[in-house]
Amino acid sequence: MAMAAESVKVKPIPLLKDELDIVIPTIRNLDFLEMWRPFFEAYHLIIVQDGDPSKTIKVPEGFDYELYNRNDINRILGPKASCISFKDSACRCFGYMVSKKKYIFTIDDDCFVAKEPSGKEINALEQHIKNLLTPSTPHFFNTLYDPYRDGADFVRGYPFSLREGVSTAVSHGLWLNIPDYDAPTQLVKPLERNTRVRLEPQGSKRPLCLHAPRTSRLQEAFVPWYVDAVLTVPKGTLFPMCGMNLAFNRELIGPAMYFGLMGDGQPIGRYDDMWAGWCMKVICDHMGWGVKTGLPYIWHSKASNPFVNLKKEYSGIYWQEELIPFFQSLRIPKECTTVQQCYLELSEHVKAKLGKLDPYFLKLADAMITWIEAWDELNPSAPHSAKLTNGSA
């Protein structure tokens with residue numbers, strides 16, 4: 001009996017089961033969910049179908065989900081549906097808008113369960129939740145990474161007045177295998193993988209860890225390049241946010257998680273998460289909240305076509321040299337005490353300053369306003385609920 005009991009695989013206890021939605025944008029059947037079943041099955045899924053709304057998306061049995069296609073988006077938002085991108089994964093933000101939960105985890109359908117170096121499967125969702133439920137430290141950098149993790153703490157010299165930390169708004173996870181590269185980097189490093197290789201040096205029992213060589217004969221020796229760390233992104237520092245493995249506190253920062261106008265009919269793609277990340281970070285800095293990056297890892301299984309990506313990214317690669325200084329210099333007035341107010345203020349700056357860069361930004365600024373209007377219409381019970389705390393700005 002004891003042996004039989006030991007052989008039973010114990011499912012992890014789901015954290016925040018009734019407070020979190022998983023949002024997945026897709027154009028294909030969601031077979032990838034089978035690998036995630038032990039970790040996702042207890043949660044509610046919001047699936048945002050991109051592309052042809054007449055196509056049937058198959059979801060494995062046993063999952064609790066709601067699925068929205070373009071017809072549903074048009075029906076629910078009416079004319080305001082123009083702010084939701086088409087033929088681009090940016091459509092995922094519609095799922096953020098219709099959710100009624102406190103937290104959101106979003107993942108792409110080509111992302112699988114990764115493993116720790118020990119071989120243990122990584123429960124990415126559980127780690128995101130831990131990141132969100134513990135404070136961030138944006139005002140002073142802790143050299144021992146996240147001081148709230150088991151086995152870590154604040155190092156000598158860290159101000160005691162700052163050790164309480166601040167609320168964490170966003171948890172940004174990373175990827176093993178296929179890195180999240182832009183098209184030019186993909187083209188010059190077509191075989192680059194986030195892996196390393198272990199070789200046994202002659203006469204030594206200790207493995208030598210090298211950056212993975214690009215030869216097929218050593219593929220079997222690849223193991224994840226796994227860094228066991230979570231960091232708070234410092235206040236005043238921007239970062240390139242990737243939307244494929246991301247969680248956030250919807251009640252705090254939800255209205256700022258707009259993934260912009262991308263894809264069909266737009267001059268740019270693959271900058272949806274970047275745009276959201278820059279807007280979100282500026283607002284988090286103003287509101288006094290933190291952003292974490294690092295663990296958890298997922299296994300990114302499929303590299304997208306770099307030539308297709310280059311066509312999508314071309315304008316963004318050029319524009320980002322202007323966009324990043326714009327966000328770095330942006331200051332939100334203290335009179336803006338809610339995320340919605342901050343975002344509307346931001347849209348005015350986008351129109352006034354970036355509109356000169358390209359007419360696209362005039363259209364984007366209008367879409368940002370439409371997004372906030374639609375958000376408040378679908379979430380009338382607590383509009384402008386997250387407010388600036390005294391002394392945060």
Side-chain angles (χ1 to χ4, degrees), residues 15-16 19-20 96 101-106 122-174 227-243 245-257 273-274 276-298 327-328 330-332 336-339 342-343 346 385-393:
L15 300 173
L16 303 180
E19 299 181 66
L20 182 145
Y96 310 160
K101 303 291 178 62
K102 183 175 181 179
Y103 300 98
I104 294 288
F105 169 55
T106 185
I122 298 170
N123 185 344
L125 180 52
E126 181 180 66
Q127 180 63 50
H128 274 301
I129 291 171
K130 290 179 179 178
N131 291 348
L132 290 171
L133 294 183
T134 53
S136 295
T137 54
H139 302 293
F140 201 89
F141 189 79
N142 190 55
T143 53
L144 197 56
Y145 313 123
D146 188 343
Y148 304 100
R149 291 187 67 201
D150 292 339
D153 212 323
F154 294 98
V155 297
R156 181 171 56 89
Y158 199 100
F160 282 87
S161 60
L162 295 176
R163 295 191 181 194
E164 184 178 348
V166 302
S167 298
T168 301
V170 175
S171 171
H172 178 255
L174 300 176
V227 179
D228 186 12
V230 178
L231 302 172
T232 294
V233 182
K235 182 178 180 179
T237 300
L238 299 175
F239 73 106
M241 187 176 82
C242 173
N245 175 23
L246 181 71
F248 59 92
N249 184 326
R250 182 180 176 275
E251 287 187 359
L252 280 185
I253 199 65
M257 299 298 283
D273 42 8
M274 301 294 159
W278 297 329
C279 294
M280 171 276 297
K281 187 58 168 60
V282 168
I283 292 174
C284 279
D285 287 349
H286 174 77
M287 298 294 285
W289 302 326
V291 177
K292 293 182 180 181
T293 186
L295 300 180
Y297 287 104
I298 50 84
F327 282 104
Q328 287 174 328
L330 193 62
R331 296 294 180 269
I332 298 174
C336 295
T337 59
T338 69
V339 173
C342 292
Y343 205 74
L346 182 54
S385 57
K387 293 187 177 181
L388 182 66
T389 55
N390 290 335
S392 295

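Every value quoted in this text rests on a predicted model; they were computed, and no experiment measured them.
When all heavy atoms of I122 and P296 are compared, the pair lying nearest together is CG2-CB, 4.3 Å. Among all heavy-atom pairs drawn from M241 and M257, the shortest one is CE-CE, 4.0 Å. Shortest non-hydrogen contact noted between P147 and N142 is CB-ND2, 3.6 Å. P138 approaches V166 most closely through the heavy-atom pair CD-CG2, 3.5 Å. Between R149 and L295, the shortest heavy-atom distance links the atoms NH2-CD1, 3.5 Å. The heavy-atom pair separating I298 from A124 by the smallest distance is CG2-CB, 4.0 Å.
Tested against K292 for a side chain to side chain donor-acceptor pair (under 3.5 Å), the candidates N131, T134, T232, T137 yield a single pass: T134.
Here CG of D285 is found 8.5 Å from NE2 of H139. Values are rounded to the nearest 0.5 Å. Remark: W289 CH2 to M280 CE distance equals 11.5 Å, nearest 0.5 Å. Note that CG of L20 is 8.5 Å distant from CZ of F105, once rounded to the nearest 0.5 Å. Interatomic distance, R250 CZ to K102 NZ, rounded to the nearest 0.5 Å: 12.5 Å. The structure places NE2 of H128 at 12.5 Å from CD1 of I104, a figure rounded to the nearest 0.5 Å. Rounding to the nearest 0.5 angstrom, the gap separating the NZ atom in K235 from the CZ atom in F140 is 15.0 Å.
Note: H172 and F239 meet the aromatic proximity criterion, with ring centroids under 6.0 Å apart.
The aromatic rings of F248 and Y96 sit perpendicular to each other, their planes meeting at more than 60°, with 30° as the lower class boundary.
Under the 3.5 Å distance criterion, the side-chain polar atoms of T168 are matched with a main-chain donor or acceptor of S136.
Y103 has its side chain within reach of L133: a pair of non-hydrogen atoms, C-beta onward, lies under 4.5 Å apart. When side chains are defined from C-beta on, K281 counts as touching V291, because their heavy atoms get closer than 4.5 Å. Taking the side chain as every heavy atom from C-beta outward, Y158 and T143 never approach each other to under 4.5 Å. Residues Y297 and V227 have side chains in contact (heavy-atom distance under 4.5 Å, counting atoms from C-beta outward). L174 is listed as a side-chain neighbour of T293, based on a closest heavy-atom distance under 4.5 Å. Side-chain contact between W278 and L330 is absent, with no heavy atoms from C-beta onward closer than 4.5 Å. When side chains are defined from C-beta on, L346 does not count as touching I332, because their heavy atoms never get closer than 4.5 Å.
No more than 12 heavy-atom neighbours from other residues, nucleotides or ligands sit within 6.0 angstrom of OH on Y145.
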| request: Give the intermediate values and the outcome of side chain to side chain contact (heavy atoms under 4.5 Å, CB included) for residues S167 and L252. | output: CA-CA 9 Å; S167 298; L252 280 185; 4.0 Å; yes
| side chain to side chain contact (heavy atoms under 4.5 Å, CB included) between L144 and D153, intermediate numbers included | CA-CA 7 Å; L144 197 56; D153 212 323; 5.5 Å; no
| request: For side chain to side chain contact (heavy atoms under 4.5 Å, CB included), just list the numbers for L125 and L15, CA-CA rounded to whole Å, side-chain angles, deciding distance to a tenth of an Å, and then say yes or no. | output: CA-CA 9 Å; L125 180 52; L15 300 173; over 6 Å; no
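Salt bridge absent: K130 and D146 never bring a charged side-chain N and a carboxylate O closer than 4.0 Å.
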